Amino acid sequence: KGTNRSAFFRGEVDKYGWVDVGSSFLPSEVIAAFLFAQLEHLDSIQAKRKEIWSTYCQGLKTLQENGKASLPILPGFATNNAHMFYLVCNSLEERSRLIQFLKENGVWAVFHYLSLHNSPFYASRHDGRQLENSELFSEQLIRLPLYYELDYEAQNKIIQLILEFFFG
């Protein structure tokens, strides 16, 4: 549907990005049924996701305080839907080492995306401008596991592993 997402998850490519025009506008009946069930429990699902997000934020704030990594910023005018929690490492190499360290310890964390202007689909359409923030986040951002079934013990393990990585 425009990306190489499935190939990325199968390990066939090392970057998830746009490869062609794509779209999918209609959910299947099975997907619609899952969505309906989730909508019926939206408040409890969102509360749990926000709790997980807040636990990451509290548990990892020392990284930002010590200049080891940046945490998400939630401006006063915005609300948080807790759809993901990420860290911004200080370099591509550091992010790569952190992803590998977590993987070796049973935690699946991934980088977020390949910038659209660097993707095979859009590269020939890009006007060549430097997009520093796009490239920085593409190279340094790491997404941490955040899903409804993530329990406190598993999340605490993730937090402790990240603190161990940065502080030894």
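For reference, positions follow the sequence shown, starting with 1. Source: prediction; values computed, not measured.
When every heavy atom of Ala82 is checked against every heavy atom of Asn80, the shortest pair comes out as N-OD1, 2.7 Å. Summarising the geometry of Tyr148 relative to Ile45, their closest heavy-atom pair is CE1-CA, 3.8 Å, with the distance given to 0.1 Å. For the pair Lys68 and Phe167, the tightest heavy-atom approach, listed with the atom from each and the gap, is CE-CE2, 3.7 Å. Here the shortest heavy-atom pairing between Val19 and Pro120 reads CG1-CG, 4.2 Å. Summarising the geometry of Ser119 relative to Leu114, their closest heavy-atom pair is CA-CD2, 3.8 Å, with the distance given to 0.1 Å. Listed here is the closest heavy atom pair of His117 and Tyr122: CA-CD2, 3.7 Å.
Within the 4.5 Å cutoff, side-chain heavy atoms of Leu98 are placed close to those of Cys89. Between Ile159 and Leu144 there is no side-chain heavy-atom pair separated by less than 4.5 Å. Taking the side chain as every heavy atom from C-beta outward, Leu131 and His126 approach each other to under 4.5 Å. Side-chain contact between Trp18 and Thr3: present, with at least one pair of heavy atoms (C-beta onward) separated by less than 4.5 Å. Residues Ile162 and Val107 fail the side-chain proximity criterion, which asks for heavy atoms closer than 4.5 Å. Within the 4.5 Å cutoff, side-chain heavy atoms of Glu94 are placed close to those of Phe165.
The backbone N or O of Lys157 sits nowhere less than 3.5 Å from a side-chain atom of Asn105 that would complete a donor-acceptor pair. Gln155 places a side-chain N or O within donor-acceptor distance of the main-chain N or O of Ile52, the cut-off being under 3.5 Å. A donor-acceptor contact shorter than 3.5 Å links the side chain of Gln64 to the backbone of Leu71. Judged purely by atom type and a 3.5 angstrom limit, Tyr56 uses its side chain to pair as donor or acceptor with the backbone of Pro145. With Arg95 contributing its side chain and Leu141 its backbone, the two residues share a donor-acceptor pair below 3.5 Å. The backbone N or O of His83 lies less than 3.5 Å from a partner atom in the side chain of Asn81, making a donor-acceptor pair. Using modelled atom types, no side-chain atom of Ser134 and backbone atom of Ser115 make a donor-acceptor pair closer than 3.5 Å.
Between atom CG of residue Leu102 and atom CD of residue Glu164 there is a gap of 10.0 Å, rounded to the nearest 0.5 Å. Going from atom CG of Asn4 over to atom CZ of Phe9 covers 10.5 Å, rounded to the nearest 0.5 Å. Here Glu135 contributes atom CD and Gln140 contributes atom CD; the two are 11.0 Å apart, rounded to the nearest 0.5 Å. The structure places CD of Gln38 at 10.5 Å from OG of Ser44, a figure rounded to the nearest 0.5 Å.
Remark: Glu65 CD is packed, more than 12 non-hydrogen atoms of other residues, nucleotides or ligands lying under 6.0 Å away. No more than 12 heavy atoms of other residues, nucleotides or ligands sit less than 6.0 Å from atom OH of Tyr152. Within 6.0 Å of CG on Leu42 lie more than 12 heavy atoms contributed by other residues, nucleotides or ligands.
By the criterion of side-chain heavy atoms lying less than 4.5 angstrom apart, applied directly or through intervening Ile, Leu, Val, Met, Phe, Trp or Tyr residues, Tyr147 is not grouped with Leu35; the two fall into different hydrophobic clusters. Residue Leu87 is not grouped with residue Leu74 when hydrophobic side chains (ILVMFWY) are merged at heavy-atom distances under 4.5 angstrom, including chains of intermediate members. Hydrophobic clustering (ILVMFWY, side-chain heavy atoms < 4.5 Å, transitive): Ile73 and Tyr86 are in distinct clusters.
Not a single salt bridge (charged side-chain N to carboxylate O under 4.0 Å, His left out) links Asp151 to another residue, sequence neighbours left out. In this structure Arg10 satisfies the salt bridge (charged side-chain N to carboxylate O under 4.0 Å, His left out) test together with Glu12, sequence neighbours excluded. Residues satisfying the salt bridge (charged side-chain N to carboxylate O under 4.0 Å, His left out) criterion with Glu149, sequence neighbours excluded, are absent altogether.
The aromatic rings of Trp53 and Phe85 sit perpendicular, their planes meeting at an angle over 60°, well past the 30° parallel limit.
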Exercise for the section: Could you check Leu60 against Leu163 for side-chain contact (heavy atoms from CB on, under 4.5 Å), going step by step and ending with a plain yes or no? Expected result: CA-CA 7 Å; Leu60 297 171; Leu163 294 175; 4.1 Å; yes
Practice task
Please assess Phe166 against Phe101 for the test ring pair (Phe, Tyr, Trp, His ring centres under 6.0 Å), listing each intermediate value before the final yes or no.
Solution key: CA-CA 11 Å; Phe166 282 103; Phe101 176 77; 9.5 Å; no
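Side-chain contact annotation: Gln100 with Glu104, donor-acceptor N/O pair under 3.5 Å present.
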